[in-house]
Amino acid sequence: MQEKNTKIQRISPSHPELNKIKEAAEIIKGGGTVAFPTETVYGLGANALDETAIEKIFLAKGRPQDNPLIVHISSIAQLDDLVENIPEKAYLLMERFWPGPLTLIFNRTNKIPDRITGGLSTVAIRMPNNNIALELIKHSGLPIAAPSANTSGKPSPTNSSHVIHDLSGKIDMIIDGGSTGVGLESTVLDISGDIPTILRPGGVTVEDLLTVLPEVEYDRAIEVIDKNIIPKSPGQKYKHYSPNAKMIIVKGSLEEIIQKTTQLAKEYESKGMDVGIMATKQTYYKYKNENTLIVGDRDFLETIAANLFNVLREFDETNVDIIIAEGVEEKGIGKAIMNRMKKAAGGVIY
Ligand code: AMP
Ligand code: MG
């Protein structure tokens, strides 16, 4: 691919400068690519109605062709062109969670290019809760397709330096709008069938959804790592979020985690490997390893969500051969944290 001259544009997250937003919007309107912050992770945006523009996203990321993209909108009126048969429950969900980290799967219209949906009859849509993202969509006057702005397979980007690392020279503009808040991708909820089904756990938890919906299911493919189960969300089958080093997860009570992590670290070191430990505020002082990083505070799982991808990328800057990562309890946002950790570890759990 020919090297592009990627413009890095700093924009204020609280008061996005209009002239800078307009410049980025012109790139989108002209069929170009702009990486921008959302409240979940940074997205790599292009005009969702333009096949050629969308193609540039797949190329820059090295994204598998059958992995569909989420379309981002800034007003509910934009849905009219894009989706059909909106179920009643969609309005309840949009009212409560938009703008926010909830992606809804609707039946699509034929205005949506096949490149967006990987040929599916449904389309994924969300309204991000970030001023820069909302202003950019509004001023481009278009729905913007935006997967995470990373090289496919790598941890998702939670600040502009991650995006610069992965995509500089491959896209037209990178907006630097500070760190993202949630730090994990949106929850993907399929509402095109009878029972709302979570295809990917994320920023909005099942507990949150149950305040609005009488019932919610998880797609079986989230729980089971089995090649014979085909996930409804095509992206879920790919290797994801992977640091360079091998990673393993240790689960159990806090005592068990500390004991097992210490034991495994010793074992790997005796084999001559450089060991990294992903610890928490509650446990890090128990470990002697030089490459021990604190991912967050177990009493506030949001801190772990916000910092997880950043810490995985920090391990890439060290020369560790293996990362031993402490698991967290799978409730609330912990469900999404463990989903990302399991994928990063390729399912290796103690
Ligand atoms: P990313 O944009 O990298 O956060 O990934 C988007 C996620 O949404 C992937 O896991 C996709 O498989 C999923 N997705 C997008 N469109 C659809 C759809 N129409 N049906 C099911 N899953 C979808
Ligand atoms: Mg992604």
Side-chain angles (χ1 to χ4, degrees), residues 36-44 67-73 89-90 93-94 96-106 122-130 133 145-150 152 154-158 162 179-192 196-213 216-223 231-242 295-296 300-312 327-345:
F36 59 93
T38 78
E39 83 281 31
T40 59
V41 302
Y42 270 71
L44 173 55
N67 191 356
L69 306 179
I70 296 171
V71 176
H72 293 67
I73 59 175
K89 53 183 170 278
L93 290 162
M94 292 187 289
R96 171 77 175 74
F97 297 110
W98 280 9
L102 178 67
T103 295
L104 297 174
I105 307 285
F106 296 95
T122 52
V123 62
I125 301 193
R126 90 173 183 104
M127 190 188 291
N129 188 15
N130 175 287
S148 48
N150 54 320
S152 252
K154 288 277 117 198
S156 297
T158 54
H162 299 156
S179 288
T180 58
V182 179
L184 299 180
E185 297 84 350
S186 59
T187 302
V188 178
L189 184 72
D190 187 355
I191 49 165
S192 67
T197 306
I198 296 177
L199 307 186
R200 174 176 76 182
V204 170
T205 65
V206 68
E207 293 87 345
D208 294 333
L209 292 172
L210 285 170
T211 63
V212 172
L213 299 171
V216 179
E217 280 182 355
Y218 280 105
D219 183 30
R220 273 215 321 137
I222 295 173
E223 296 297 328
K232 285 192 200 152
S233 176
Q236 289 290 99
K237 69 175 178 279
Y238 290 106
K239 191 175 167 214
H240 254 92
Y241 320 117
S242 305
V295 66
F300 301 95
L301 290 180
E302 313 79 59
T303 61
I304 298 181
N307 203 26
L308 175 65
F309 290 140
N310 186 43
V311 166
L312 291 179
V328 298
E329 210 186 334
E330 294 198 30
K331 67 168 198 229
I333 191 83
K335 181 89 184 171
I337 294 171
M338 285 302 283
N339 171 265
R340 304 308 189 273
M341 281 177 59
K342 285 176 196 169
K343 289 201 179 269

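Between I333 and A305, the closest heavy-atom pair is CG1-CB, 4.0 Å. Closest of all the heavy-atom pairs between P99 and P128 is CB-O, 3.4 Å. Minimum interatomic distance between G181 and A306 (heavy atoms only, all atoms of both residues): O-CB, 3.6 Å. Closest non-hydrogen pair, I125 versus W98, comes out as O-CZ2, 3.4 Å. Residues L312 and P155 come closest through the heavy atom pair CB-CG, 3.9 Å.
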Steps toward side-chain contact (heavy atoms from CB on, under 4.5 Å) verdict (F309, H162):
CA-CA 10 Å; F309 290 140; H162 299 156; 5.7 Å; no

Where do L104 and F97 land on the side-chain contact (heavy atoms from CB on, under 4.5 Å) test, with the steps shown first?
CA-CA 11 Å; L104 297 174; F97 297 110; over 6 Å; no

Check against side-chain contact (heavy atoms from CB on, under 4.5 Å), L102 and L209:
CA-CA 10 Å; L102 178 67; L209 292 172; 4.1 Å; yes

For V204 and L189, what are the C-alpha separation, side-chain angles and deciding distance, and is it a side-chain contact (heavy atoms from CB on, under 4.5 Å)?
CA-CA 10 Å; V204 170; L189 184 72; over 6 Å; no

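By the side chain to side chain contact (heavy atoms under 4.5 Å, CB included) test, A90 is found to be paired with I86, P87, M94, F106, I191, residues two or more places apart in sequence or in another chain being considered. The salt bridge (charged side-chain N to carboxylate O under 4.0 Å, His left out) check on E39 picks up R126, with sequence neighbours excluded. For K331, the salt bridge (charged side-chain N to carboxylate O under 4.0 Å, His left out) test picks out E329, with sequence neighbours left out. With sequence neighbours left out, T122 forms a side chain to side chain contact (heavy atoms under 4.5 Å, CB included) with I105, N107, L120, S192. Applying the side chain to side chain contact (heavy atoms under 4.5 Å, CB included) test to A145 and every residue at least two apart in sequence or in another chain returns A48, I57, L69, I116. Taking the side chain to side chain contact (heavy atoms under 4.5 Å, CB included) definition, one finds that N150 meets it with K61, S148, K154, S156, P157, D166, R313, sequence neighbours left out.
With rounding to the nearest 0.5 angstrom, the CZ atom of R96 is 6.0 Å from the CG atom of D208. Distance check, rounded to the nearest 0.5 Å: CD of E217 to CG of D190 gives 11.0 Å. The CZ atom of R200 lies 6.0 Å from the OG1 atom of T103; values are rounded to the nearest 0.5 Å. For the atom pair CE (M127) and OG (S186), the distance works out to 13.5 Å, reported to the nearest 0.5 Å. A distance of 6.0 Å separates CG of N339 from OH of Y241, quoted to the nearest 0.5 Å. Taking CG of L213 as the start and CG of L93 as the end, the distance is 4.5 Å to the nearest 0.5 Å.
T205 has its side chain out of reach of K335: every pair of non-hydrogen atoms, C-beta onward, lies at least 4.5 Å apart.
Taking the six-membered ring where tryptophan is involved, the planes of F36 and H72 are perpendicular, since the angle between them exceeds 60° and thus also 30°.
A distance-only check finds a donor-acceptor pair linking the side chain of T187 to the backbone of G202 [under 3.5 Å]. For the pair T180 (side chain) and T40 (backbone), a donor-acceptor distance under 3.5 Å is present.
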